[in-house]
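Just the heavy atoms: all of them, side chains too, but no hydrogens, waters or symmetry mates, feed the values below. Treat the numbers as computed from the prediction; the structure is a model and nothing was measured. Numbers for residues simply follow the sequence, beginning at 1.
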Amino acid sequence: MSGSSAASAPPPLPSADAALSRYAAVVHAVGVRLEPDDTLSIAAPFGLADLFGMVLRSNPAIANGPAYAAKTERMRTAWPELTVIPWAGTAEAPVKCTEDTAAVSTGLSPAPSPLSTSR
C-alpha cells in the first residue's frame, strides 16, 4: 500500500481558480475574492448563466455521477424553483421543480465569464 495513493494522485493545481473547473456541478464553480483595494474579483470558468438562471448542470470534465445525484436531491429540497439537468449520458429529461422557473439554459457558456479573473 505504501505509495499507491501517491502514484494515482492528480498533480497539484496552480491556483484556486483552476480548482473551480473540477467542481461536480458547474453552477458551484464560482469564486469571489476580496482584493486589497476592496474590489471583488470573480472567477467563473463556466460563466454565470446557470447561477442566475437557477440551473444545476453536471461538469462534463468530472466523472462522478453518484456525487452529482446526491447534490441534486439536496438542492431540490433547498430550492424548489431549481431546474436540474440530468447527468450527461442518462436518458432522463431536464427536471423543472416548479412551473414558473426561467427557461432551461441550452448549454455551457462558450467562454469564461467576462468577469472571470481566470487566465
Legend entry - side chain to side chain contact (heavy atoms under 4.5 Å, CB included) between I85 and V55, intermediate numbers included: CA-CA 7 Å; I85 307 298; V55 175; 3.8 Å; yes
Inset, instruction - Starting from the C-alpha separation in whole Å, work towards a yes-or-no answer on side chain to side chain contact (heavy atoms under 4.5 Å, CB included) for R57 and V27. - result: CA-CA 7 Å; R57 177 188 323 273; V27 73; over 6 Å; no
Inset, instruction - Group every Ile, Leu, Val, Met, Phe, Trp and Tyr by side-chain heavy-atom contacts under 4.5 Å, then state whether L13 and F46 land in the same group. - result: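 No; F46 is not reachable from L13 via cluster members.
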Taking all non-hydrogen atoms of both residues into account, name the closest pair between [X] and [Y] and its distance.
X: T72; Y: A69; result: OG1-O, 2.7 Å
X: P45; Y: S21; result: CG-N, 4.2 Å
X: V30; Y: L51; result: CG2-CD2, 4.5 Å

Inset, instruction - State which residues pass side-chain hydrogen bond (donor to acceptor under 3.5 Å, both in side chains) with T39; sequence neighbours excluded, sorted by chain then number. - result: D37
Spatial distance of atom [atom1] ([X]) from atom [atom2] ([Y]) [nearest 0.5 Å]:
X: H28; Y: L20; atom1: NE2; atom2: CG; result: 12.0 Å
X: E35; Y: S41; atom1: CD; atom2: OG; result: 3.5 Å
X: L34; Y: L40; atom1: CG; atom2: CG; result: 6.0 Å

Inset, instruction - Taking only Lys NZ, Arg NE, NH1 and NH2, and the carboxylate oxygens of Asp or Glu, determine whether E73 and K71 approach each other closer than 4.0 Å. - result: no
Inset, instruction - With sequence neighbours left out, write down each residue that passes ring-ring contact (aromatic ring centres under 6.0 Å, His included) with Y68, or none if nothing qualifies. - result: W87
Legend entry - Note, V84 side chain near R76 side chain (heavy atom, < 4.5 Å): yes
Inset, instruction - Would you confirm whether D50, through its side chain, and V26, through its main-chain N or O, come within 3.5 Å as a donor-acceptor pair? - result: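 Checking the backbone N and O of V26 against the side chain of D50, no donor-acceptor pair under 3.5 Å is found.
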